[in-house]
Q: 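Input: one structure, supplied below.
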There are 2 protein chains.
Amino acid sequence: MFGKDLLVRMLDRRDTLPPDEIALIEALPVRPVTFGPDEEIVREGSRPTESCLVANGFAVRNQATREGKRQITAIHVPGDFVDLHSLLLKVMDHSVSALGSCEVVFIRHKDLLTAIGGSPHLTRMLWLSTTIDASIQRTWITCLGRRSAKQHLAHIICELYVRLELVGLASDQTFAIPLTQAELGDVLGLSVVHVNRTLQELRAKDLVIWKDRRIVILDFQRLAILADFDATYLNLFHEPR
Amino acid sequence: MFGKDLLVRMLDRRDTLPPDEIALIEALPVRPVTFGPDEEIVREGSRPTESCLVANGFAVRNQATREGKRQITAIHVPGDFVDLHSLLLKVMDHSVSALGSCEVVFIRHKDLLTAIGGSPHLTRMLWLSTTIDASIQRTWITCLGRRSAKQHLAHIICELYVRLELVGLASDQTFAIPLTQAELGDVLGLSVVHVNRTLQELRAKDLVIWKDRRIVILDFQRLAILADFDATYLNLFHEPR
DNA sequence: CGTCGCTTTGAGACCTATCAACAATGGTGG
DNA sequence: CCACCATTGTTGATAGGTCTCAAAGCGACG
């Protein structure tokens with residue numbers, strides 16, 4: 001539990017985790033903490049000695065610009081090993097904060113290193129998880145640079161649906177996420193006003209309903225076509241890694 | 001040689017590579033190939049069995065949208081282990097192509113796995129290199145989402161200078177890179193016309209000269225302030241990883 | 001019932017894209 | 001050596017997307 005079961009599930013979806021590796025993960029000592037909406041989980045500029053895993057709720061990475069603008073560079077769902085980066089990067093170049101209330105577990109770098117030290121395959125699986133994050137980030141870059149606001153919004157909705165479905169948090173074309181329009185603007189690089197209008201466009205086309213922190217996708221197929229969404233980058237293939 | 005010396009240099013800058021790990025890298029069999037301008041090094045959708053390292057020249061990752069637009073999601077300089085991702089991701093979600101003429105060396109996944117199999121630290125150092133790539137990508141996301149065209153352009157110039165200086169390809173506030181304005185547009189998510197005008201703005205402020213594929217930074221300090229550039233994300237710290 | 005956080009609306013300004021044309025450059029073959 | 005061509009850079013004009021500012025609507029909650 002403590003989100004480690006979800007982590008195992010996400011990794012196992014990509015390549016079978018043998019029992020001994022699952023055991024290594026399950027044996028990791030955790031320090032569970034619950035954060036309230038918008039609370040900072042890891043601060044930009046700090047030097048964490050632990051990494052954190054989302055157990056429940058959502059977390060985002062964000063960078064702030066000098067002018068006080070904010071950009072969300074990743075959204076993390078339960079089972080995501082959010083801050084595995086700090087294991088290697090040492091100094092945080094961005095902060096991680098809770099989206100709505102969020103339960104995470106902290107795992108000491110020391111314990112992580114011990115666990116993976118004797119298992120090259122488990123090491124690769126964790127490496128893989130950071131690599132999938134990077135793959136998602138590349139896709140976000142393309143969305144920001146070359147897709148319209150409408151396409152970008154549609155794209156993120158498709159992505160969230162697929163990722164949440166994987167951990168059992170989305171089904172029947174619907175899922176819940178505590179994302180305000182302001183925060184959505186920080187994801188899409190748009191102003192609140194424009195987010196609102198873009199959302200209305202998707203509604204007007206009967207593609208989605210976004211109400212009370214719940215999203216209903218009325219026509220995934222058409223939404224995916226509009227968004228130019230191709231799930232390859234989420235790496236949902238099961239194979240030897 | 002074959003770029004492996006540069007790889008060692010880049011890793012060693014972040015954490016001392018002991019002689020045995022350097023030896024492991026140097027012993028890796030390589031297959032050197034030279035690509036002409038704009039040639040594809042790794043194709044989107046393919047399943048590489050080798051990873052490639054830039055030995056000379058530049059390579060970019062790019063994604064294409066259905067509408068035929070192109071976004072460059074990363075620029076790789078000599079010493080960059082461009083395609084280490086494919087070791088874990090298996091299926092390419094983007095392609096890699098040469099910027100100008102570019103020498104790369106291919107290294108078989110099989111050989112890489114053997115080399116790192118017995119060395120957890122070397123494994124982490126390669127993992128680190130993909131993590132730094134991800135860190136750069138996050139910064140690009142912020143530039144795309146929350147900075148003006150002018151700031152973004154200034155930012156990428158600062159970044160390239162710092163990264164190239166690290167491998168001895170930039171000094172005295174100047175460096176060469178075979179990037180056309182159209183390609184620069186694909187990096188910044190802008191149209192060619194706007195790139196041209198933005199470049200003129202930086203010139204008019206006596207910040208940079210960009211001519212004949214050579215960039216001269218007239219005032220790094222002011223450029224960095226304009227860009228809100230902070231090199232933390234490039235992880236130039238030497239420490240145990 | 002008033003406050004607070006969030007969503008929605010309107011209007012105008014600004015940034016960036018698009019289209020079209022032209023200038024500069026470098027390479028090529030005659 | 002010159003004419004030609006392809007590529008790259010530059011400019012102008014106009015359209016459209018997105019931002020900003022300001023204000024109003026709405027629902028939850030104490």
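Lettering of chains follows the sequences in order, A, B, ..., and the numbering in each one begins at 1. Just so you know, these numbers use all the heavy atoms, side chains as well, and skip hydrogens, waters and symmetry mates.
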Q: Is B/Lys69 paired with B/Asp186 through a side-chain N to carboxylate O contact shorter than 4.0 Å?
A: no

Q: Please state how far atom CG in B/Leu188 lies from atom P in C/dT16, giving the value in whole angstrom units.
A: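 One finds 11 Å between P of C/dT16 and CG of B/Leu188, rounded.
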
Q: Once you round it to whole Å, what is the distance between C1' of C/dC6 and NZ of A/Lys211?
A: 12 Å

Q: Could A/Arg222 and A/Asp206 be called an ion pair, given the rule that one side-chain N must be under 4.0 Å from one carboxylate O?
A: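 Salt bridge absent between A/Arg222 and A/Asp206.
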
Q: Aromatic rings B/Tyr161 and B/Phe220: how do their planes relate, parallel, tilted or perpendicular, breaks at 30° and 60°?
A: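 The arrangement is tilted - the two ring planes meet at 30° to 60°.
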
Q: Please check if any side-chain donor atom of B/Ser135 sits under 3.5 Å from a side-chain acceptor atom of B/Asn235, or the reverse.
A: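 B/Asn235 and B/Ser135 do not have a side-chain donor-acceptor pair below 3.5 Å.
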
Q: Check this for me, if you would: do B/Glu201 and B/Lys150 make a salt bridge, where the nitrogen-to-carboxylate-oxygen distance has to be below 4.0 angstrom?
A: yes

Q: I'd like to compare against my own output: the B/S/- annotation of nucleotides 14-30 of chain D with a strict under-4.0 Å heavy-atom distance to protein.
A: ----BSBB---------

Q: Hey, is the side chain of B/Gln200 poking within less than 4.0 Å of OP1 or OP2 on D/dT10, counting only N and O atoms?
A: no

Q: How long is the line joining CD of B/Gln181 and C1' of D/dT7, in whole Å?
A: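 So the two atoms are 12 Å apart, to the nearest Å.
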
Q: I need the CD-P distance between B/Glu183 and D/dT7, as an integer number of Å.
A: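 Atom CD in B/Glu183 sits about 13 Å away from atom P in D/dT7.
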
Q: Counting only side-chain nitrogens and oxygens, does A/Asn196 get under 4.0 Å of the OP1 or OP2 atom of C/dT7?
A: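 For A/Asn196, the contact criterion (side-chain N or O under 4.0 Å from OP1 or OP2 of C/dT7) is not met.
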
Q: Round to a whole Å and report the spacing from CG of A/Leu99 to P of C/dG5.
A: 17 Å

Q: To the nearest Å, how far apart are B/His152 NE2 and C/dC15 C1'?
A: 16 Å

Q: Between atom CD1 in A/Ile209 and atom P in C/dT7, what is the gap in whole Å?
A: 16 Å

Q: Charged N to carboxylate O under 4.0 angstrom, A/Asp133 versus A/Arg61?
A: yes

Q: Report the distance from atom CD of A/Glu201 to atom P of C/dT9, rounded to the nearest whole Å.
A: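 These atoms are roughly 13 Å apart.
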
